[in-house]
Asker: 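This is the structure, below, for whatever I ask next.
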Number of protein chains: 2
Amino acid sequence: MTLTNNSKRRKELVAIAARLFFEQGYERTTVRILAEAMGIKSGSLFHHFTDKQAILCAVIESGMQSAMQIAHEALEGVQDPQDKLLALTKAHLSTLLTDRNAHVVALYEWRSLTPESLHHLVGLRDEYESLWRSVIQECIQADVLHGEESVVRHFALGALNWTVQWYDPQGQRTPDDLALALVNLLMDRTHFN
Amino acid sequence: MTLTNNSKRRKELVAIAARLFFEQGYERTTVRILAEAMGIKSGSLFHHFTDKQAILCAVIESGMQSAMQIAHEALEGVQDPQDKLLALTKAHLSTLLTDRNAHVVALYEWRSLTPESLHHLVGLRDEYESLWRSVIQECIQADVLHGEESVVRHFALGALNWTVQWYDPQGQRTPDDLALALVNLLMDRTHFN
DNA sequence: GTCTATAAAGAGATAGAC
DNA sequence: GTCTATCTCTTTATAGAC
């Protein structure tokens with residue numbers, strides 16, 4: 001019951017781990033710190049997860065899945081390519097900056113995964129990137145964006161993923177403001193207000 | 001002689017540490033691994049550095065200084081705001097992707113610094129960002145870039161800093177190609193070829 | 001499912017000889 | 001400046017009782 005358990009309790013534990021991995025980084029977060037935050041002793045942790053790395057894997061899986069779900073919801077019913085790009089950008093920043101945990105860990109801590117876990121998760125990552133690929137391709141074909149798709153996509157996602165390094169949730173700008181600013185920067189002249 | 005030693009030997013050791021921190025991350029690189037790569041025993045390491053974190057500090061300092069120096073050289077004699085932006089972008093990608101070590105560590109491993117080291121290095125970082133601030137401000141005033149300076153700067157640097165996550169040195173694109181692509185993406189329509 | 005207790009390994013760092 | 005030897009502490013993980 002350890003590997004494929006999606007009980008409410010397990011989700012709580014994964015959420016707590018996500019918060020700590022986000023705040024301190026995976027390597028610096030010990031199993032004792034994790035257990036204490038979960039209200040249990042460190043030995044009990046290994047009843048829920050086979051090892052520490054499995055916790056990271058669960059956090060990253062949860063981060064990718066929530067990013068994917070919110071992105072799909074954001075795109076629902078949207079037709080115009082530029083509107084799609086804005087919606088996708090807002091969705092991405094929303095999971096990154098509002099619920100600043102699992103998605104951030106998914107972006108920054110993949111190096112600590114075992115090859116097996118990486119192999120398991122790489123499909124999710126590719127699925128998410130495919131969403132971006134198709135929307136950016138549409139924008140290029142509609143002539144509102146210019147450049148090679150893969151380069152534009154990597155630059156856009158880089159600009160977004162780096163926001164976690166400088167964004168201040170207490171500041172005056174909302175994630176949606178930032179999304180608008182990026183899309184306006186990438187496209188010729190201002191199209192949105 | 002440990003703290004303020006810039007001998008050739010010390011620079012070699014810092015360069016080796018930079019490579020390992022870049023490849024495996026700071027936390028996962030043990031002092032034994034460092035020492036082995038340096039051709040000495042782990043005990044000898046502490047003749048050169050007070051502790052492990054001091055090695056990281058030296059690596060980051062070296063990364064910031066080389067980024068700064070190359071940026072200054074790139075800007076020398078350049079007058080046009082767009083040309084300055086392109087030069088600065090090329091310089092940044094050059095230190096990040098060609099000599100893929102100390103500058104990358106400087107960007108990604110600041111969380112493992114002690115408050116004292118951070119305080120020591122934050123001035124260097126601010127100095128480097130000021131270069132970017134002034135060039136982007138010039139571009140906005142010259143009407144070739146649009147938006148708030150700080151937002152544009154963070155997005156541009158984010159897009160650049162994220163390249164280390166996906167750039168393939170064996171691929172067909174050079175760092176200079178990428179720099180051109182980014183500047184063209186940020187500015188209205190294509191200005192450079 | 002959680003506890004206590006602890007094994008086993010690895011980490012950073014030190015001391016003193018050469 | 002490097003070595004050997006080792007200390008001390010922390011880490012992940014396990015075993016068995018409750």
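Each chain gets a letter, A, B and so on, in the order the sequences are listed, and its residues count up from 1.
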Asker: For nucleotides 11-13 of chain D, print each protein N/O atom paired with a nucleotide N/O atom at under 3.5 Å, atom names and distance only.
Answerer:
residue	atom	partner	partner atom	Å
D:dT12	OP1	A:K52	NZ	3.1
D:dT12	OP2	A:V31	N	3.0
D:dT12	O4	A:R32	NH2	3.4
D:dA13	OP2	A:K52	N	2.8

Asker: Residues two or more places apart in sequence or in another chain: which of them pass salt bridge (Lys or Arg N to Asp or Glu O under 4.0 Å) with A:E127?
Answerer: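 In terms of salt bridge (Lys or Arg N to Asp or Glu O under 4.0 Å), with neighbours along the sequence ignored, A:E127 is linked to no residue.
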Asker: Residues two or more places apart in sequence or in another chain: which of them pass side chain to side chain donor-acceptor pair (under 3.5 Å) with A:S112?
Answerer: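 Partners of A:S112 by the side chain to side chain donor-acceptor pair (under 3.5 Å) criterion, ordered by chain and then number, come out as A:E27.
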Asker: Of all nucleotides in DNA chain C that come within under 4.0 Å of a heavy atom of chain A, which is furthest toward the 5' end and which toward the 3' end?
Answerer: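 Reading along DNA chain C, I get C:dG1 to C:dT4.
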Asker: Go through the structure and list residues passing salt bridge (Lys or Arg N to Asp or Glu O under 4.0 Å) with A:E36, not counting sequence neighbours.
Answerer: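 Scan of A:E36 (salt bridge (Lys or Arg N to Asp or Glu O under 4.0 Å), adjacent residues dropped) gives none.
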Asker: With sequence neighbours left out, what residues match A:R19 under salt bridge (Lys or Arg N to Asp or Glu O under 4.0 Å)?
Answerer: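 Partners of A:R19 by the salt bridge (Lys or Arg N to Asp or Glu O under 4.0 Å) criterion, ordered by chain and then number, come out as A:E23.
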Asker: Could you pull out all residues at least two apart from A:R133 that satisfy salt bridge (Lys or Arg N to Asp or Glu O under 4.0 Å)?
Answerer: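 If we apply the salt bridge (Lys or Arg N to Asp or Glu O under 4.0 Å) test to A:R133, skipping adjacent residues, there are no hits.
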Asker: Can you pull out every ring pair (Phe, Tyr, Trp, His ring centres under 6.0 Å) where at least one residue sits in residues 167-188 of chain A? Sequence neighbours excluded, please.
Answerer: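 Not a single pair qualifies under ring pair (Phe, Tyr, Trp, His ring centres under 6.0 Å).
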Asker: So which pairs with a foot in residues 55-90 of chain B pass ring pair (Phe, Tyr, Trp, His ring centres under 6.0 Å), sequence neighbours left out?
Answerer: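 The answer is none; no pair qualifies.
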